[in-house]
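Written below as structure tokens is the structure these notes are about.
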Amino acid sequence: MTGIFNPNGMSWDEIDKSLSESRKGDRDWRNGRVPLYVFHADDQISEISKKAYLMFFSENSLGAHAFPSVASLEQDVIRMVAQILRGDDAVVGDMTSGGTESIFLALKTARDWARERRPGIAVPEILVPRTAHPAFNKAAHYLCMKVKRIKESADFRADVAGMEKAITRDTIMIAGSAPSYPHGVIDPIGQIAEVAEKKKLWLHVDACVGGMLAPFVKKLGYPVPDFDFSIPGVTSISVDLHKYGFSAKPASCIFFRNEDFHQYQKFTFEEWPSAPYSTQTFAGTRPSGAVASAWAVMKYLGEAGYLRIAQEIMEVRRRLMEGITGIPGLKIWGQPDLSIIGFGSETMDIHAVGDEMDMRGWFVARNIEPPALTHMLMPVHAKMIESYLSDLKAIVENAKTAGKKSDKKAMRY
Ligand SMILES: *Cc1c(COP(=O)(O)O)cnc(C)c1O
């Protein structure tokens with residue numbers, strides 16, 4: 001057999017060269033040309049994150065008895081984030097590999113909680129606004145549950161009355177986002193919580209994006225709707241640390257109001273020849289490096305550091321929004337609360353504009369409904385604003401664009 005697996009080993013020099021060459025076609029996130037995927041605040045934070053990750057490079061968070069340090073660091077992270085979410089001492093949680101796993105665990109735990117209280121539901125239902133992340137459907141698919149997506153209101157926030165109307169005997173959970181990924185608006189969690197309490201439903205808040213940003217933006221004085229444990233009806237919250245926590249990947253957290261809910265998350269198994277096996281998360285072996293990175297970055301930044309970053313992000317956002325609204329024909333959709341903005345046009349095909357931005361070396365993120373180009377802003381984007389806006393303006397002003405149609409192949413997440 002011949003092919004990619006070489007018969008003999010390779011030297012580091014050769015490996016280094018091959019790896020460097022392999023990324024030649026990658027987009028340049030360091031200069032702010034990628035509007036999502038990479039959450040970079042500054043090089044110093046990245047260095048702290050890397051150093052901490054490498055210190056715990058080999059440990060495994062599955063082995064908490066062998067490595068009490070990693071269990072204790074994880075608990076520190078959980079307590080720090082619980083405090084940011086205004087939770088009391090009863091709030092419990094675990095670190096996971098990402099928002100997808102956090103949401104998976106919320107659904108799994110709610111399912112098993114409901115099984116005990118309301119036996120006889122064949123396929124438990126979850127109500128989410130249509131803007132909720134696909135992770136809800138992915139989890140429901142694995143867990144034999146059903147997601148009902150309810151059309152959002154004209155302001156892109158969850159339609160609470162519409163959601164209430166859709167509740168059936170099989171509904172066990174209702175959810176909202178803080179903020180939603182497509183439009184960056186925080187759903188009216190307080191109102192959803194009233195419905196949840198009235199109907200005795202589990203309320204999950206997906207704060208994967210906003211959990212480590214919204215509290216600081218609010219503290220700076222911006223108007224930010226409440227979404228956290230200060231709202232009594234909130235049962236669980238997902239928060240990604242590898243997004244606005246600026247931790248290394250993979251790092252997210254899932255929180256529960258108290259152990260009465262959390263107790264349904266654990267998986268234990270004893271019917272095998274080895275010792276009893278028990279985990280809180282979906283993953284077995286877990287990277288302790290990510291835990292150490294999250295711990296280190298949070299300790300390094302403290303509240304003052306996150307406030308400074310939040311201020312930088314809101315400043316980037318202000319400059320970008322002003323620039324976009326200053327270009328005739330373009331408009332920002334809705335009133336984004338935090339760092340995600342989407343803009344479109346009523347007079348031209350905005351995706352065709354996106355195709356041309358792409359040709360100029362800008363990685364383009366899009367919404368389909370309504371058609372938009374979207375940005376998830378980071379401090380690293382500060383350096384791109386002027387050149388981004390001047391490319392955008394030139395493309396929009398080119399009269400030909402008005403008649404151009406977009407390349408539908410370019411639309412993928
Ligand atoms: C990113 C994101 C998720 C999923 O998180 P992963 O870390 O990609 O698994 C879930 N919800 C929202 C709102 C997100 O932005």
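As the structure lists them, so they are numbered: ligands from 1, and atoms in each ligand from 1. Excluded from the calculations below are hydrogen atoms, water molecules and symmetry mates; all remaining heavy atoms, backbone and side chain alike, are included. No experiment lies behind these values; they were computed from the predicted model shown.
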What atoms in ligand 1 come closer than 4.0 Å to a heavy atom of Gly98? 7 (O), 9 (O)
Do Phe56 and Leu73 come within less than 4.5 Å of each other through their side chains, counting heavy atoms only? yes
Give yes if a backbone or side-chain nitrogen or oxygen of Glu101 is under 3.5 Å from a nitrogen or oxygen of ligand 1, and no if not. no
Counting both backbone and side chain atoms, is some N or O of Cys208 under 3.5 Å from an N or O of ligand 1? no
Tyr388 vs His381, test: ring pair (Phe, Tyr, Trp, His ring centres under 6.0 Å). Steps then yes/no. CA-CA 10 Å; Tyr388 182 87; His381 291 125; 9.0 Å; no
Check each of Lys243, His133, Lys249, His242 against atom 2 (C) of ligand 1 and report the one with the nearest heavy atom. Lys243
Any N or O on Tyr181 sitting closer than 3.5 Å to an N or O of ligand 1? no
Taking only heavy atoms of Gly99, which atoms of ligand 1 are found under 4.0 Å from at least one of them? 4 (C), 5 (O), 6 (P), 7 (O), 9 (O)
State whether the shortest distance between N or O atoms of Ser180 and N or O atoms of ligand 1 falls below 3.5 angstrom. no
Short version for Val209: what comes under 4.0 Å of ligand 1, heavy atoms counted, is side chain
Can you tell if the side chain of Tyr264 reaches within under 4.5 Å of the side chain of Phe256, non-hydrogen atoms only? no
State, with a plain yes or no, whether a side-chain heavy atom of Thr235 is found less than 4.5 Å away from one of Trp113. no
Do Arg27 and Arg33 come close enough that some side-chain heavy atom pair is under 4.5 Å? no
Donor-acceptor under 3.5 Å (Ser345 side chain, Gly329 main chain): yes
Any atoms of ligand 1 less than 4.0 Å from a non-hydrogen atom of Thr100? List them with their elements. 4 (C), 5 (O), 6 (P), 9 (O)
Per-atom contacts, ligand 1 versus Ile103 - under 4.0 Å to a heavy atom: 10 (C)
Measure the shortest side-chain to side-chain distance between Lys249 and Ser49 over non-hydrogen atoms and say whether it is less than 4.5 angstrom. no
